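Written out below as C-alpha cells is the structure these notes cover.
Note that the coordinates shown come from a computational prediction; the quantities given were computed from them, not determined experimentally. Numbering of residues begins at 1 and proceeds along the displayed sequence. Computed over heavy atoms, backbone and side chain alike; hydrogens, waters and symmetry mates excluded.
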Amino acid sequence: MEQLILIVGLLFATVIAVGLGDKLKLPYPVLMLIMAGGFTFLPGFPNLRINPELILPIFLPPLLFATAQKSSWGVFRVRWRTIGLLAVALVAVSTAAVAGAAWLLIPSIGIPAALALGAMCAPPDPVAVESVAGRVHMPRRLITVLQSEGLFNDAAAIVIFQAAVASAMDGQPFGLGVIGSFLLGAALAILVGMLMGWVTGMITRLISSPVARSAVTLVVPFAAYILAEEVHASGVIAVVVTALEIKRHARAEDATERITRAAFWDVVELLATGLAFGLVALEVREVINMEGSAIWGMLPLAMAISVLVILIRFAWFGLLALLSRRNDGAPPPTSFKDVVILSWCGMRGLATLALALALPTVLPTGAEFPARHEIIVIACTVLLSTLVLPGLTLPWLMRVLKATDDGSGEREATKVLAMRAQEAAVAALRDNGLIKNLPPEKIALVREKMRRLHAELLDGGLSNEPVEERARRGRELAIAVQTIALDAARSEVLSARNEPGVDPEVVDRLLRQLDLRTMVMPES
C-alpha cells in the first residue's frame with residue numbers, strides 16, 4: 001500500500017507543479033525536479049524500486065509516441081538537414097565526448113558503461129524546452145530548430161544506450177558489429193511500425209466511439225515496442241514509425257478523435273514525466289545512503305561533465321553558424337545570438353531520467369554494474385545543471401539579447417493557410433450544388449459563415465453566438481457547413497502539412513481550431 005500511495009503522491013505533486021508553474025510563470029519541469037528532490041529526502045519517505053528491465057518498456061513507448069505524434073513524415077522531408085545534424089549527429093558527438101571523458105576520469109568504468117552514460121546525457125527534452133520557449137516569445141525559427149531536434153534525438157540516444165548496455169551485460173566489445181546489428185534491427189523495426197500503423201487504422205475504423213479509438217492508441221505503442229523487441233528489432237524505432245503512420249492516415253472527418261487523443265496524450269506525457277522525476281529522486285537518495293560522504297567526491301567530476309555537455313552543444317551550434325554563412329537560406333543558427341539561445345536551450349529531461357532508471361544494478365556474473373553510482377550521480381547533475389539554471393534564466397537571456405519575437409511571421413503564415421482553408425470550404429459547397437439550390441438569403445448566410453470561419457482561424461476564437469440564434473439561422477445550413485465545408489477545409493490543411501516550406505505547427509494549430517469548431521456546431 002505504501003508504494004501505491006507513493007505513486008499517487010508523485011502524480012499529485014506533478015499536477016501541483018504544473019499549477020504552480022502557471023502561477024509563477026516558471027517551467028513546470030524545473031518545479032517538478034525541485035519538488036521531487038525535496039520530498040524524497042523527507043524523513044520516513046517510503047521507497048519504491050522498479051526492476052530496471054521494466055523501466056524502458058514502461059516509460060519509452062508513451063514518451064516516444066507522444067513526441068512522434070507532434071511530427072509527420074512531411075516534417076522529416078522538410079527538416080531532414082536539421083534532424084540529421086542535431087537529432088543524430090549532435091547526439092552521437094555528445095555521447096562520444098561524455099563517454100571519452102568518463103572513461104578517462106572514472107577508473108574501471110569500461111567503454112560500454114561510459115557510452116551508456118554518454119547516451120543518458122546527450123538528448124535534450126523537447127517538452128522541457130517548449131515549456132520555457134513559449135513563455136519567452138522565442139522566435140518561431142528557433143523554436144522550429146528545437147522542435148526538429150526533439151523529434152528523433154530521444155530515439156537516437158536510446159538506441160545507443162541499449163546497444164551499450166547489451167555490450168556491458170554480454171561482455172562483448174562495443175565495435176563495428178553493433179552498427180550492422182542496428183541497421184538490421186532498424187529495418188525490421190520500420191516494418192513492425194508500418195504493420196502496427198496499418199493494424200491500428202483497421203481497428204479504429206471498426207470502432208465508433210472516439211474515446212475507445214483514443215484508448216487504442218494507448219495500447220498500440222506498448223504493443224509495437226514489445227513486438228519489435230521480440231523479433232530482435234528496435235522497439236524505439238518501431239514506436240516512432242507507428243506514430244508517424246497513424247498520423248499519416250489521419251482523416252479530415254476525425255475531428256472529435258483528434259481532440260480527445262491530443263488531450264489524452266498530453267495527460268499521459270505529463271504524468272509519466274512526473275513519475276519518472278520522482279523515481280529518479282528516490283534512486284539518488286539510495287545512492288547517497290549507500291555512498292555516504294563519498295558522494296561529495298563524485299560531484300566535481302559530475303560538474304565537469306555537465307560543463308562539457310554545455311560546451312559541446314555551444315561548439316556544435318557555433319560550427320553550424322559558420323557553415324550557414326556560406327549557404328543563403330540555411331536554417332538557424334545564423335548568428336552568434338542564435339548560437340547562444342539554442343545552446344542554452346539544451347535542457348535534459350524525461351529521456352535522461354528513464355535511461356538512468358533503466359541502468360542495470362548487476363551484471364550476469366553477479367558483479368555490480370561498472371561505476372553505476374557514479375553514472376547515476378553524473379546523469380542527475382547534468383539534468384539539474386541543464387534544466388534548472390537555463391530554465392530559470394532563459395527569460396533574462398532573451399531580454400538581454402533582445403531576441404523576443406512579435407509573431408508577425410507566424411501570423412502571416414497562419415493568414416495564408418487560413419485563406420486556403422476558406423477557399424477550399426467555399427469550393428466544396430459550390431461543387432456540391434448547395435449554394436445554387438438555396439434562396440438568396442441563405443446564400444448570403446453561407447458566405448457570412450465562410451468569412452467568420454476565416455476570422456476564427458486567424459484569432460483562434462470560437463463564436464459566442466447563442467445556440468438559439470444558430471438554430472434560427474437554419475439547421476440544414478449548419479449541418480452542410482459542418483459536413484461539407486469544414487471537412488474540405490480540414491483536408492486542405494492536412495494536405496499542407498506535407499508541403500515544403502509550410503510550418504507544421506501552424507498546420508496543427510489551424511487543424512485544432514477547425515476540430516473545435518466542429519464540436520460546437522449542431523449535430524445532424
Side-chain angles (χ1 to χ4, degrees), residues 50-60 64 87-123 152-189 192 225-226 228-240 283 301 305 308-309 312 348 351-379 382:
I50 299 178
N51 189 332
E53 294 182 357
L54 299 178
I55 293 296
L56 295 186
I58 290 175
F59 284 98
L60 289 191
L64 296 169
V88 179
L90 179 54
V91 167
V93 170
S94 299
T95 300
V98 172
W103 182 72
L104 291 173
L105 299 175
I106 302 176
S108 70
I109 186 174
I111 292 179
L115 286 170
L117 171 61
M120 287 182 202
C121 301
F152 202 67
N153 60 357
D154 288 349
I158 292 165
V159 167
I160 297 174
F161 175 85
Q162 289 178 317
V165 170
S167 177
M169 298 295 284
D170 297 339
Q172 300 295 326
F174 192 93
L176 295 178
V178 174
I179 298 177
S181 300
F182 165 73
L183 293 177
L184 178 59
L188 289 175
V192 171
Y225 185 91
I226 294 172
E229 292 294 326
E230 286 296 316
V231 298
H232 303 290
S234 172
V236 172
I237 297 177
V239 173
V240 172
E283 189 75 23
L301 173 60
I305 290 183
L308 176 63
V309 169
I312 290 171
R348 273 54 178 178
T352 299
L353 295 171
L355 295 183
L357 291 170
L359 196 66
T361 55
V362 295
L363 299 174
T365 60
E368 185 177 351
F369 192 89
R372 186 177 188 275
H373 289 174
E374 288 85 349
I375 292 175
I376 296 293
V377 171
I378 292 172
V382 170

If I compare all heavy atoms of [X] with all of [Y], which pair ends up nearest, and what's the gap?
X    : Y    : result
A122 : S94  : CB-CB, 4.0 Å
M120 : A379 : SD-CB, 3.8 Å
A238 : A228 : CB-CB, 3.6 Å
A102 : L117 : CB-CD2, 3.7 Å
A116 : F161 : O-CD1, 3.6 Å
P360 : V165 : CG-CG1, 3.7 Å

Side chains of [X] and [Y], heavy atoms from C-beta outward: is any pair under 4.5 Å?
X    : Y    : result
V382 : T352 : no
I106 : I375 : no
V98  : I378 : no
R372 : L359 : yes

Subject >> Worked check of side chain to side chain contact (heavy atoms under 4.5 Å, CB included) between L363 and E368 >> reply: CA-CA 6 Å; L363 299 174; E368 185 177 351; over 6 Å; no
Original post:
Sub-3.5 Å donor-acceptor pair from the side chain of T95 to the main-chain atoms of V91, do we have one?
Top reply: yes
Looking at [atom1] of [X] and [atom2] of [Y], how far apart are the two atoms once the value is rounded to the nearest 0.5 Å?
X    : Y    : atom1 : atom2 : result
L355 : Q162 : CG    : CD    : 8.5 Å
I109 : L115 : CD1   : CG    : 9.0 Å
W103 : S108 : CH2   : OG    : 12.5 Å
I376 : F369 : CD1   : CZ    : 10.0 Å
H373 : T361 : NE2   : OG1   : 9.0 Å

